[in-house]
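Atoms within each ligand, like the ligands themselves, are counted from 1 in listed order.
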Amino acid sequence: MKILGIESSCDETAAAIVENGRSIMSNTIRSQIDIHKEYGGVVPEIAARSHIEAILPVIKETLKKASLGWDDIDAIAVTKGPGLVGSLLIGTLVARTLAYVHKKPLYPIHHVQAHVYANFLLPNIPVFPILSLIVSGKHSQLVLFASHEKYQILGETQDDAVGEAFDKVAKIIGLPYPGGPSVAHAALDGDSTKYLLPKAKLQNPYDFSFSGLKTALLRAVQREVGVDITFPSHKLSERLTGSQQNDFAASFQHTAIETLVDKTVKAYGEYKPKSVVIAGGVGANQELRRQLATRIPIKIEYPPIDLCTDNAAMIAAMGYYYAQHHSPTSPFDMVVLPSVSM
Ligand code: KG4
Ligand code: ZN
């Protein structure tokens, strides 16, 4: 079964064709990072307009790269949410129209859950029960999957997602968007023990909170440059040296990543899963991979970086498993769900 996946929830316009939920026939990702860079973050209106320009060429290119025509495609899977409403509307409208015109079954897919399915595109697929750490720009969750359809959310963020915290910290210390990769890069030359930052203590040990950590970092930067809390945060970075920037990046990264790893290790001990998978953009973080390797006794396989961040192959892969258990949605009835939870 060949499924065309379409993803447009944020600032990547993506299409992919995946066979039987396992093998990628083609995978196209058009990133808008360069467009949003000058604003220091994703501008929703611009993102939606860029999706309009990119989406049909991206789908055409994806079919061409796989040497496939519409007759070869068995179904369409598209991100229904969560995400930016304008961006989601473009992807779903295109998917609905194509499903109607080419008479293909249409499957709406949950973006966050789909991140887990990047792991089903690896040569060794995970085995249930699967403990999944889902860490992206909008989500931080620990989820235990008993099967494709049965899962339990062990904990989730109470405020900022971890990727969001990386992005905000990058802004405070003056590193470019997107913050995750730039903080990780600066941290390579920094001293992670230079600034002691707090870890949140929560009633549910599997919940996350990164807002306090981000504020603690802001206060530490203010102290370091000798200003009080009324000083505008966007002007702080002008007063930091390169080595101070690196030390702040390393100290923040160390605490944020150790928090993720502490909770994953605890859940591993309690639930004894057969596989542990990491899903979402923050899964690209090398420090996360290093710490997990030393503290989790089973080998964790990682998708390549372009399958950790937003892509349509994960949408098509989940579409395959979803189609085994659900009827297709009518192209006339499909709605977007910008803040749907898992
Ligand atoms: O999954 P994703 O591409 O989009 C969402 O669904 O949110 O994740 C994007 C997030 C951003 O916050 C970005 O800064 C973060 O993933 N990220 C990283 C790294 N690469 C991307 N965070 C830490 N270290 C990285 N190497
Ligand atoms: Zn994502």
Side-chain angles (χ1 to χ4, degrees), residues 5-14 16 29-33 36-37 40-42 44 47 78-84 87-88 91 109-119 132-141 143 156-157 160-173 175-188 190 192 208 210 213-214 249-250 252-261 277-292 302-315 317-318 338-342:
I6 297 175
E7 154 64 32
S8 72
S9 64
C10 190
D11 60 343
E12 264 92 28
T13 317
I29 303 168
R30 193 148 314 164
S31 171
Q32 303 174 6
I33 282 180
H36 298 288
K37 217 170 197 154
V42 178
V78 62
T79 304
K80 66 174 178 185
L84 300 169
S87 294
L88 289 166
I109 297 298
H110 193 288
H111 175 92
V112 179
Q113 194 175 342
H115 269 297
V116 174
Y117 283 79
N119 294 279
S132 175
L133 174 69
I134 307 177
V135 276
S136 75
K138 280 140 255 136
H139 296 269
S140 310
Q141 289 182 328
V143 184
E156 57 197 336
T157 186
D160 291 356
V162 62
E164 186 181 355
F166 267 90
D167 294 334
K168 287 178 175 170
V169 163
K171 262 193 178 173
I172 295 169
I173 62 178
L175 297 173
Y177 168 85
S182 30
V183 168
H185 185 73
L188 290 174
S192 63
F208 299 95
F210 291 102
L213 171 61
K214 176 203 63 196
F252 165 78
Q253 174 175 263
H254 178 79
T255 308
I257 295 298
E258 200 172 63
T259 304
L260 299 177
V261 175
V277 306
I278 313 301
V282 183
N285 188 279
Q286 296 301 321
E287 176 62 13
L288 174 64
R289 296 178 179 205
R290 192 191 63 73
Q291 287 193 25
L292 282 169
Y302 291 94
I305 305 289
D306 62 348
L307 294 180
C308 288
T309 49
D310 288 349
N311 66 88
M314 66 185 197
I315 304 297
M318 181 170 156
S339 19
V340 64
S341 50
M342 255 177 78

I need the atoms of ligand 1 closer than 4.0 Å to a non-hydrogen atom of Gly163, numbered in the order shown. 12 (O)

Specify which N/O/S atom of Asp310 comes nearest to the Zn ion (ligand 2), by atom name. OD1

Below 2.8 Å, any N, O or S contact between His115 and the Zn ion (ligand 2)? yes

Of the backbone and side-chain N, O or S atoms of His139, does one lie nearer to the Zn ion (ligand 2) than 2.8 Å? no

Note: Ala186 and Leu175 closest approach over all heavy atoms is CB-CD1, 3.8 Å

Taking the ring of Phe252 and the ring of Phe166, is the distance between their centroids below 6.0 Å? yes

Are any of the side-chain heavy atoms of Thr157 and Val162 separated by less than 4.5 Å? no

Considering all heavy atoms of both residues, which atom of Pro303 and which atom of Cys308 are nearest to each other, and what is their separation? O-SG, 3.6 Å

Heavy atoms only: give me the nearest Ser132-Val116 pair and the separation to one decimal. OG-CG2, 3.3 Å

Protein contact of atom 13 (C) of ligand 1 - nearest heavy atom, named by residue and atom, plus distance: Asp167 OD1, 3.9 Å

Do the side chain of Asn311 and the main chain of Met314 share a donor and acceptor less than 3.5 angstrom apart? yes

One finds that the ligand 1 atoms under 4.0 Å from a non-hydrogen atom of His111 are 6 (O)

Which residue supplies the protein heavy atom nearest to atom 7 (O) of ligand 1, what is that atom called, and how far is it? Gly137 N, 2.7 Å

If we number the atoms of ligand 1 from 1 as shown, the ones under 4.0 Å from a heavy atom of Thr309 are 3 (O)

One pair to check against side chain to side chain contact (heavy atoms under 4.5 Å, CB included): Phe208 and Leu260. What are the steps and the verdict? CA-CA 8 Å; Phe208 299 95; Leu260 299 177; 3.6 Å; yes

Looking at ligand 1, does any of its N/O atoms fall within less than 3.5 Å of an N/O of Asn285? yes

For atom 17 (N) of ligand 1, what's the nearest protein heavy-atom neighbour? Residue, atom name and distance, please. Gly281 O, 3.6 Å

Side chains of Phe210 and Glu164: closer than 4.5 Å at any heavy-atom pair? no

So for Cys10, does at least one of its heavy atoms come nearer than 4.0 angstrom to any atom of ligand 1? no

Between Gln286 and ligand 1, find which residue part has any heavy-atom pair under 4.0 Å and reply side chain, backbone, both or neither. neither

Please report the closest heavy-atom contact between Pro82 and His139, naming both atoms and the distance. CG-NE2, 3.5 Å

Which atoms of ligand 1 sit under 4.0 Å from any heavy atom of His115? 1 (O), 6 (O)

Side-chain donor or acceptor of Ser8 paired with backbone N/O of Gly91 under 3.5 Å: yes

So do the side chains of Arg30 and Glu12 get within less than 4.5 Å of each other, counting heavy atoms only? no

Hey, does Ala184 come in under 3.5 Å of ligand 1, counting only N/O atoms on both sides? no

Shortest protein contact, atom 2 (P) of ligand 1 (heavy atom only): Asp310 OD1, 3.3 Å

Of all protein heavy atoms, the one nearest atom 15 (C) of ligand 1 is Val282 CG2, 4.0 Å

Protein contact to atom 25 (C) of ligand 1 [nearest heavy atom, distance to 0.1 Å]: Gly180 C, 3.7 Å

Have a look at ligand 1 and work out which part of Glu12, if any, has a heavy atom under 4.0 Å from it: side chain, backbone, both or neither. neither

For the pair His111 and Glu7, evaluate side chain to side chain donor-acceptor pair (under 3.5 Å) and give the outcome as yes or no after the intermediate values. CA-CA 8 Å; His111 175 92; Glu7 154 64 32; 3.0 Å; yes

Identity and distance of the protein heavy atom lying nearest atom 5 (C) of ligand 1: Lys138 NZ, 3.2 Å

